[in-house]
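Since the structure comes first, as structure tokens, the remarks are kept for the end.
Quick caveat, the model's predicted, so the values are computed rather than measured. Heavy atoms only: backbone and side chains are in, while hydrogens, waters and symmetry mates are out.
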Amino acid sequence: MQPERDIPGRVLRILRFRPKGMTITEIAKALGANRNSVSKHLEVLQAEGHVEARLVGNAKVYSVAHRVPLSAFLCFTKNLILVLDADLTIVQANDQCLRRFGHAKEGVLDRNLREAGLPVVSSPEALAVVEGLEREQVIAEIPHRRDDGSESFYQMQAIPTTFEDGGKGCTIVLEDITERKQYIRNTMFLARTAIDLVDLQPVEDIYRYIIDGLTELAPGAFAYFFSYDEADRQFVFRAVAGEGFREGVTELLGRDPVGLALPIARIFDAPYHRTPLSMRGFQEFILPPQPSSLSLYDLCFKGIPEEVCEAILERFDIEKLCVMGLVWREEIFGLTGIFLPGGRELENRETIESFLRQASIALARRQTAGRLRRSEARFRAMVDSSPCGVALIDRDGRFVYANRRFVEIFGHETDDAPTVAEWTRLIFPDEEARQEALGAWRSDLERSVPGQIRPRTFVIRSRNGTKKTVLARAVTFCDGTQYVNCEDITEEVLVYRLLLADITDPRRREQELLIKDRTIACTRRAVALLDPGGVGTYANAAFLALWGYPTAEEVQESQFSRFWERPDEIQGVVGTVLGGGSWHGELAALRNGGEKFRADLLGTPIVAEDGRVIGMMAAVTAR
């Protein structure tokens, strides 16, 4: 029988010629050895990794193990791999690891990991993981700060390892997860800024928020922000950021750059003819400029002295400028720039562009809100100065707005009675009069459509107890809001009553004629008197001015229908009034030169003491 010590080598030689494998019995028979002895040697060979075993039924079938050398395996992965022994001495490192760390193999192998000073793996965080490794694989995330100040991240796997001689060690596998980590961080950044920009209050400094966001995405860089004043066509410094940047620029410039206006808007004029859309993406400029590039002095359109521009570049070691306009729907709201020191490239470019587009939308929304506030302020100022009373009533019957003249006419503030129901109790203290007024209002409202004017005359009682005749014109908007225009026509009613009482009294006619003329002449409304045939017999100065006639002779003895666009329509109105009724509405009138205008006409009959209608009084107001 062959010596016991030759059995392992003989087993391996036999198995190499039997690729499908052999059982213990077959191997023992081929060797002529004891089955128990062969079984014991096979277990040792299997533990050492020289043979492999698989079950076929109840029998174990052994074959030669097919192994790849570790050095060959290390070449086929993009990850960084270090193999350490039990004392943390480096016994193997793949080429990717050596290239990333910038070391030659001779300077890394056989050195202790604690003393090697390698990036990432020699850090306290990595050493703590390796030194605490026992039987199970450990995965940890290790941050690393590069020499240029940027940060990278690695996922480190520490794997317990057994060598061929039975020695224990550790394999470190490093995967660069910087891009994945940055993607997650950038996604979270954009989600946060999207919410912040929506919630940002008008009083908060949106420019500072934008510039702080830029420095967060481009740490170590210097940034600035220009807002665009469309009215003055100027770009104005609103914020600057970067360590010592504002202080340094202030020292070199002789003033704080914030608030400084530069003539950058010339870029929209000849010979540049740039458009907002053309400024939407990032543009890079090398500083100091290459022969075909622009200098910082040129980019400022010579708004900052050239020597100051050069001093800024030198002091802060600036080599590149990245500029992007904040544009939304073909409108520019600002301009931002990022200065990069030597050797730096703009990181997170796509995220920065997305953030600036978010900021563009926020600026557009803020600018639109500002325009609406200014427009509303102008509208309120205009309405407050109107000679007519104006009120807005929502669809629930509550006052939304009332101008000063409205309060003057009625003598009550809307705070005294915020709803229409409460308001009517103040101006119609008599229950019967109040119900009659409300009934007329509701009737007009039911018969009207949105946009249609509903004129109605009411006699109200003001705060001081005096009665007033008020002409109210109401319009319903599409959203149900009621617009009410009120005019105090008490004076015109008094004039009408004076004429009605005295015009048929021949004994007083001559004595009172001057009083009547003066009363009608001083009223704000255009007034004309017609005879039973519809011919004008009198027109006051306001009527002549409204229609553009220099003298009364050109108006008197003329058919009243001459002054209106549709004579047949006005003849019907005159016929209604001369028939004893009254008429109130809006018609199209014709001025002396043929110009058309809309006019509010109130026609009332002039009735003699015996009840006969002897004429018509027409009171007109231009719309």
With under 30° as parallel and over 60° as perpendicular, where do the rings of [X] and [Y] fit, or are they tilted in between?
X: F237; Y: F226; value: tilted
X: F245; Y: F316; value: perpendicular
X: Y224; Y: F339; value: tilted
X: F355; Y: Y209; value: tilted

Atom [atom1] of [X]: over 12 foreign heavy atoms under 6.0 Å:
X: E314; atom1: CD; answer: no
X: R329; atom1: CZ; answer: no
X: R208; atom1: CZ; answer: yes
X: E131; atom1: CD; answer: yes

May I ask you to decide whether [X] forms a salt bridge with [Y], counting only side-chain N to carboxylate O separations under 4.0 Å?
X: R473; Y: E586; result: no
X: D256; Y: R246; result: yes
X: E376; Y: R380; result: yes
X: R280; Y: E353; result: no
X: E284; Y: R349; result: yes
X: K181; Y: E151; result: no

Enter the distance from [X]:[atom1] to [Y]:[atom2] here, rounded to the nearest 0.5 Å.
X: F333; Y: Q367; atom1: CZ; atom2: CD; value: 5.0 Å
X: R344; Y: I318; atom1: CZ; atom2: CD1; value: 12.0 Å
X: R111; Y: L118; atom1: CZ; atom2: CG; value: 7.5 Å
X: L363; Y: Q358; atom1: CG; atom2: CD; value: 12.0 Å
X: M324; Y: L346; atom1: CE; atom2: CG; value: 11.0 Å
X: L356; Y: S354; atom1: CG; atom2: OG; value: 9.0 Å

Does some side-chain heavy atom of [Y] sit less than 4.5 Å from a side-chain heavy atom of [X]?
X: V198; Y: R365; value: yes
X: L98; Y: V108; value: yes
X: R405; Y: S386; value: no
X: P143; Y: F153; value: yes
X: V470; Y: E487; value: no
X: L326; Y: I210; value: yes
X: L113; Y: L127; value: yes
X: P418; Y: F399; value: no

Exactly one of W423, Y483, Y401 should register a ring pair (Phe, Tyr, Trp, His ring centres under 6.0 Å) with F406. Which one does? W423

Pairing donors with acceptors under 3.5 angstrom, does anything connect the side chains of [X] and [Y]?
X: T89; Y: D87; answer: no
X: R454; Y: T476; answer: yes
X: R100; Y: Q96; answer: no
X: S295; Y: D298; answer: yes
X: T419; Y: R398; answer: no

Ignoring hydrogens and geometry, is there a side-chain-to-backbone donor-acceptor pair from [X] to [Y] under 3.5 Å?
X: D394; Y: G397; result: yes
X: D416; Y: H412; result: no
X: E204; Y: Q201; result: yes
X: S122; Y: P119; result: no
X: T481; Y: F477; result: no
X: T187; Y: Y183; result: yes
X: R274; Y: S278; result: yes

Can you sort out the partners of V173 under side-chain contact (heavy atoms from CB on, under 4.5 Å), two or more places apart, ordered by chain and number? N79, I81, Q157, I159, T171

Tell me whether the centres of the aromatic rings in Y228 and W328 are closer together than 6.0 Å.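 For Y228 and W328, the ring centres are not under 6.0 Å apart.
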
Just do the salt bridge (Lys or Arg N to Asp or Glu O under 4.0 Å) check on E408 and R463 with the steps written out, would you? CA-CA 10 Å; E408 290 172 2; R463 192 185 191 102; over 6 Å; no

Minimum heavy-atom distance between [X] and [Y], given as atom pair plus value:
X: L84; Y: V91; value: N-CG2, 4.2 Å
X: P257; Y: T250; value: CD-OG1, 3.3 Å
X: V327; Y: S360; value: N-OG, 3.3 Å
X: A241; Y: T215; value: CB-CG2, 3.5 Å
X: P160; Y: E134; value: CG-O, 3.5 Å
X: Y207; Y: A239; value: O-CB, 4.1 Å

Step by step, work out the salt bridge (Lys or Arg N to Asp or Glu O under 4.0 Å) result for R404 and E413. CA-CA 9 Å; R404 289 193 299 268; E413 297 280 353; over 6 Å; no

